[in-house]
Protein chains: 2
Amino acid sequence: MELHEPELREVPVTAVLAALADDVRLQIVRTLAEGGEYACGTFEFGVSKATRSHHLKVLREAGLTRTRVAGTSRYVRLRRDELDRLYPGLLDAVLTTPATAPTGR
Amino acid sequence: MELHEPELREVPVTAVLAALADDVRLQIVRTLAEGGEYACGTFEFGVSKATRSHHLKVLREAGLTRTRVAGTSRYVRLRRDELDRLYPGLLDAVLTTPATAPTGR
DNA sequence: GCTGTTGTTCGACGTTAGTCGAACAACGGT
DNA sequence: ACCGTTGTTCGACTAACGTCGAACAACAGC
């Protein structure tokens with residue numbers, strides 16, 4: 001099974017931004033930003049596993065994450081270094097923001 | 001006519017990112033980033049004026065722009081200082097990227 | 001070989017977003 | 001007063017997105 005993981009510079013900025021412009025995905029990214037690898041099942045943000053799988057796919061195809069297959073599990077990690085190199089400040093800017101949307105919206 | 005211009009910190013990050021995650025709006029922001037004010041009509045990016053008006057509204061309501069009414073015209077400018085203060089590196093990261101999407105997509 | 005676990009894929013559904021033309025509103029000139 | 005200019009608003013349409021349950025695939029353990 002070929003994990004489709006594009007080069008970050010091949011991905012349109014708008015796709016990167018769109019990938020980050022979702023609450024569930026942002027929570028995933030926040031978790032990943034703590035460092036290390038996480039199995040997909042780790043992310044329990046009140047969505048079904050189908051939805052979770054979908055979001056992880058969006059992140060992966062936007063060049064934000066790297067996935068390692070091991071047995072029946074898949075371990076995901078943030079491509080932080082590449083991200084910081086190509087878009088310095090982007091991740092930090094997004095991550096240093098209140099976890100929940102400021103206004104309840 | 002009340003221009004609805006929210007405080008930047010009242011706007012969810014996801015809304016800011018979503019506002020930037022569109023080609024037309026990104027082109028507008030790129031233009032605005034050159035500094036100064038621009039009348040709405042300045043932005044000719046191959047969309048109708050209805051669509052242009054829509055995009056400017058999205059940018060304004062995401063807290064990205066400030067609009068000054070003068071006669072029949074409206075002058076738009078980037079809220080760069082506030083943006084840089086709340087999301088340091090965000091704008092730079094987004095703007096220092098090739099104008100057109102890397103892959104033709 | 002079953003069975004359970006872990007994820008992905010496949011419709012399907014409702015919602016939102018981008019787009020347009022047409023109608024409207026506000027202002028400036030003459 | 002009448003135009004023309006400049007923008008906004010109003011449906012309407014289509015495409016894309018987030019969501020889910022159900023079916024499927026791959027592996028691990030017994």
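Every chain is numbered from 1 and lettered A, B, ... according to where its sequence line falls, protein lines coming before strand lines. No hydrogens, no waters, no symmetry mates; every other heavy atom, side chains included, goes into these values.
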Same cluster for B:Val29 and B:Val58 if Ile/Leu/Val/Met/Phe/Trp/Tyr side chains link at under 4.5 Å? no
Measure CG/A:Asp22 against P/C:dT16 and give the value in whole Å, please. 13 Å
Ignoring backbone atoms, establish whether B:Thr72 has a side-chain N or O less than 4.0 Å from OP1 or OP2 of D:dT6. no
Can you tell me how far P of C:dT5 sits from CZ of A:Arg74, to the nearest Å? 19 Å
Using the side-chain contact (heavy atoms from CB on, under 4.5 Å) rule, take B:Tyr38 and B:Leu56 through it: C-alpha gap first, then chi angles, then the decisive distance, then the call. CA-CA 11 Å; B:Tyr38 294 77; B:Leu56 288 169; over 6 Å; no
Rounded to whole angstrom units, what separation is found between the CG atom of B:Leu59 and the P atom of D:dT8? 12 Å
To the nearest angstrom, how far is A:Lys57 atom NZ from D:dC20 atom P? 17 Å
List the steps and the verdict of salt bridge (Lys or Arg N to Asp or Glu O under 4.0 Å) for A:Asp23 and A:Arg30. CA-CA 10 Å; A:Asp23 274 313; A:Arg30 269 189 245 272; 5.9 Å; no
What does A:His54 touch in the nucleic acid at a heavy-atom separation under 4.0 angstrom: a base, only the sugar-phosphate, or nothing? base
Could you grab the distance from atom CG of B:Leu17 to atom CG of A:Leu90, nearest 0.5 Å is fine? 7.5 Å
Residues passing the side chain to side chain donor-acceptor pair (under 3.5 Å) test with A:Arg77, sequence neighbours excluded, are none
Mind checking B:Ala18 for me? I need base, sugar-phosphate or nothing, with any heavy atom below 4.0 Å counting as a touch. nothing
Closest non-hydrogen atom pair, A:Glu61 against A:Val11: O-CG2, 4.1 Å
To the nearest angstrom, the CD1-P distance between B:Ile28 and D:dG7 comes to 12 Å
Can you figure out which of C:dG18, C:dG7, D:dT5 approaches the side chain of A:Arg52 most closely? C:dG7
A:His55 NE2 to C:dT9 C1', straight-line distance once rounded to whole Å: 16 Å
Length of the OH-C1' vector between B:Tyr75 and D:dT6, whole Å: 10 Å
Determine the minimum heavy-atom distance between B:Thr14 and A:Leu20, stating which atoms define it. CG2-O, 4.2 Å
Contact class for A:Ser73 (heavy atom, under 4.0 Å): base, sugar-phosphate, or nothing? sugar-phosphate
Let's see if you get this right: which residues in residues 43-51 of chain B place a heavy atom under 4.0 Å from DNA chain D? B:Lys49, B:Ala50
Protein-nucleotide distance (A:Asp23, atom CG; D:dC17, atom P), rounded to Å: 17 Å
